[in-house]
Protein chains: 2
Amino acid sequence: MDTREEILAAARTTAQAHGYGGLSFRELAKQVGIKSASLHYHFPTKGDLAGALAQRYADDAERIFAEVLAASKDPAVLVRAFTDVLRLALVNDNRMCLYGILSAERAELAPEVRIEVERFAEVSVRFLAKALVLSGASEDVARARALAMFAAIEGAQLVARGRGDVAAYDAILATYRAAGLLP
Amino acid sequence: MDTREEILAAARTTAQAHGYGGLSFRELAKQVGIKSASLHYHFPTKGDLAGALAQRYADDAERIFAEVLAASKDPAVLVRAFTDVLRLALVNDNRMCLYGILSAERAELAPEVRIEVERFAEVSVRFLAKALVLSGASEDVARARALAMFAAIEGAQLVARGRGDVAAYDAILATYRAAGLLP
DNA sequence: ACCTGAACACCGTTCAAGT
DNA sequence: ACCTGAACACCGTTCAAGT
């Protein structure tokens, strides 16, 4: 793994726990074994680093969703795959989806970072909409419903993280399913 | 308004836009017209300031919910009053509910701040549960359902803020209602 | 191509000193 | 009781200098 990749990996872990504000060039440099001034050679500003991070995150999501779609056409399985990804972050030291934590810090983000954050939402909503279409929904109903599902799932993660309690995440999702919001 | 109240007011506005990390003693002091060292006289640490802020926020919510409950027993009206409070933050310069933004920054918060943040959730869920009981739900069903409603509404705000678009908040809530999650 | 030390203006915090 | 300037260790960023 080259230095740039090492920086991105360390930054991602930190960002999902402490957010954009919690990213420290000096701290990351220490982890990677270089000086903080050298980090600016790879990422000139903190905005550049966060932008690369968010871009990678959206790219990864796009790839994973494509793989899941290739493996199953069962709407419930597809949605479960999505909720499992966010669940994993909680289990992993009460971390958050990068989208959620960066959305909360939106005011601090450079425009190019915001664009990538929004792209993760777009990619996710498109994936969830595909699952709904597979269950027989029309394209535009699926789109609106998928956006609501995305918001509800992100909210469940936020609330569960606020309590430091994965069980709350599971309980909230179960209620969504019982109410008919999730398949 | 005394100095302490002026500090709290300025801090609340800033925190709902930029979060805990966005609070700057030097910036707040400038707004209030004192030196940053003086700010530490009123709030020894940033944790003390955030704690007072979160406590005030939960207290305010408790009072508002009591007033709303005294004015109406219509579940739809009560839930609407809750969603309107979060809507107001978005309209007000794309700000967030203090609960949502501080939950995202949970890892940065002192324990006494976390307790107050969790209290806001508790107060909110209790209020929403009362609305559900008024519509005929049993106590424990209402409790689980209220938690899911709270998470979904916070998520709607997070996603709408991520887009800088209040209309998304309204659209998502409309879908929640259509799905039967909200009354 | 990649790294570094030193400097800059920021930050929260402390403290001795003022009124 | 309330405020202040100065100092401390932090922060992102810049830059001239090294290999």
Side-chain angles (χ1 to χ4, degrees), chain A residues 1-54 98 101-102 104-114 116-117, chain B residues 1-54 98 101-102 104-114 116-117:
Chain A
M1 193 157 59
D2 65 6
T3 306
R4 193 189 145 89
E5 288 300 317
E6 278 187 62
I7 296 167
L8 279 174
R12 180 151 161 178
T13 306
T14 303
Q16 288 192 241
H18 302 99
Y20 178 77
L23 282 177
S24 156
F25 269 47
R26 282 176 169 84
E27 198 57 46
L28 287 174
K30 218 173 283 178
Q31 284 181 48
V32 174
I34 57 176
K35 298 295 169 183
S36 82
S38 312
L39 222 154
H40 288 275
Y41 170 78
H42 298 279
F43 302 98
T45 69
K46 203 170 161 178
D48 292 320
L49 173 59
L53 218 55
L98 200 59
I101 202 160
L102 289 185
E105 291 176 293
R106 183 175 203 268
E108 268 56 57
L109 305 181
E112 72 267 22
V113 185
R114 288 185 190 171
E116 293 301 324
V117 171
Chain B
M1 196 159 57
D2 65 6
T3 306
R4 193 190 144 89
E5 288 300 317
E6 279 187 62
I7 295 167
L8 279 174
R12 179 150 160 179
T13 306
T14 303
Q16 288 193 240
H18 301 100
Y20 178 77
L23 282 176
S24 157
F25 269 47
R26 283 176 168 84
E27 198 58 45
L28 286 174
K30 218 174 282 176
Q31 284 180 47
V32 174
I34 56 176
K35 298 296 169 184
S36 82
S38 311
L39 222 154
H40 288 275
Y41 171 78
H42 299 279
F43 303 97
T45 69
K46 203 170 161 179
D48 291 320
L49 173 58
L53 218 54
L98 200 59
I101 201 159
L102 290 186
E105 291 178 293
R106 184 175 204 268
E108 269 55 56
L109 306 180
E112 71 266 23
V113 184
R114 289 185 190 172
E116 292 302 323
V117 170

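What you see is a predicted model; the values in this text were computed from it and never measured. Reminder, nothing fancy here: chain letters follow the sequence lines and each chain counts from 1.
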Solution key, residues 1-15 of chain B side-chain donor-acceptor pairs under 3.5 Å, sequence neighbours excluded:
from	atom 1	to	atom 2	distance (Å)
B:Asp2	OD1	B:Glu5	N	3.0
B:Glu5	OE1	B:Arg56	NH1	3.0
B:Glu5	OE2	B:Arg56	NH2	2.9
B:Arg12	NH1	B:Asp60	OD2	2.9
B:Thr13	OG1	B:Ala9	O	3.1
B:Thr14	OG1	B:Ala10	O	3.0

How long is the gap from CD on B:Glu105 to CZ on B:Arg114, to the nearest 0.5 Å? 12.0 Å
By side chain to side chain donor-acceptor pair (under 3.5 Å), A:Glu116 pairs with (sequence neighbours left out) A:Arg119
When rounded to the nearest Å, what value does the distance between C1' atoms of D:dC10 and C:dA9 take? 13 Å
Counting only non-hydrogen atoms, which of residues 9-19 of chain A are less than 4.0 Å from DNA chain D? none
Specify the closest pair of heavy atoms between A:Ala54 and A:Leu102, including all atoms of both residues, with the distance to one decimal. CB-CD1, 4.4 Å
Write out a two-atom table: protein N or O, nucleotide N or O from nucleotides 2-7 of chain D, distance below 3.5 Å.
from	atom 1	to	atom 2	distance (Å)
D:dC2	OP2	B:Tyr41	OH	2.9
D:dC3	OP2	B:His42	NE2	2.7
D:dT4	OP2	B:Lys35	N	2.8
D:dT4	OP2	B:Ser38	OG	3.0

Residue pairs passing the side-chain hydrogen bond (donor to acceptor under 3.5 Å, both in side chains) test where at least one lies in residues 37-52 of chain B, sequence neighbours excluded: B:Thr45-B:Asp48
Answer with base, sugar-phosphate or nothing: what part of the nucleic acid does B:Leu23 contact at a heavy-atom distance below 4.0 Å? sugar-phosphate
Checking A:Ala107 now: which residues fulfil side chain to side chain contact (heavy atoms under 4.5 Å, CB included) with it, not counting sequence neighbours? B:His18, B:Arg161
Using atom CZ of B:Phe25 as one end and atom P of D:dC11 as the other, report the distance to the nearest whole Å. 18 Å
Interatomic distance, A:His40 NE2 vs D:dC11 C1' [rounded to whole Å]: 10 Å
Whole-Å distance separating the CG atom of A:Leu28 from the C1' atom of D:dC11: 13 Å
Which donor-acceptor pairs under 3.5 Å do side chains of residues 23-30 of chain B form with protein atoms, sequence neighbours excluded?
from	atom 1	to	atom 2	distance (Å)
B:Ser24	OG	B:Arg26	N	3.4
B:Ser24	OG	B:Glu27	N	3.1

Looking at residues 43-53 of chain A, who's got a heavy atom less than 4.0 Å off DNA chain D? A:Thr45, A:Lys46
Intra- and inter-strand pairing of DNA chain D, written as dot-bracket with Watson-Crick and G-U pairs under 3.5 Å and | for the latter, reads ||.|||||...|||||.||
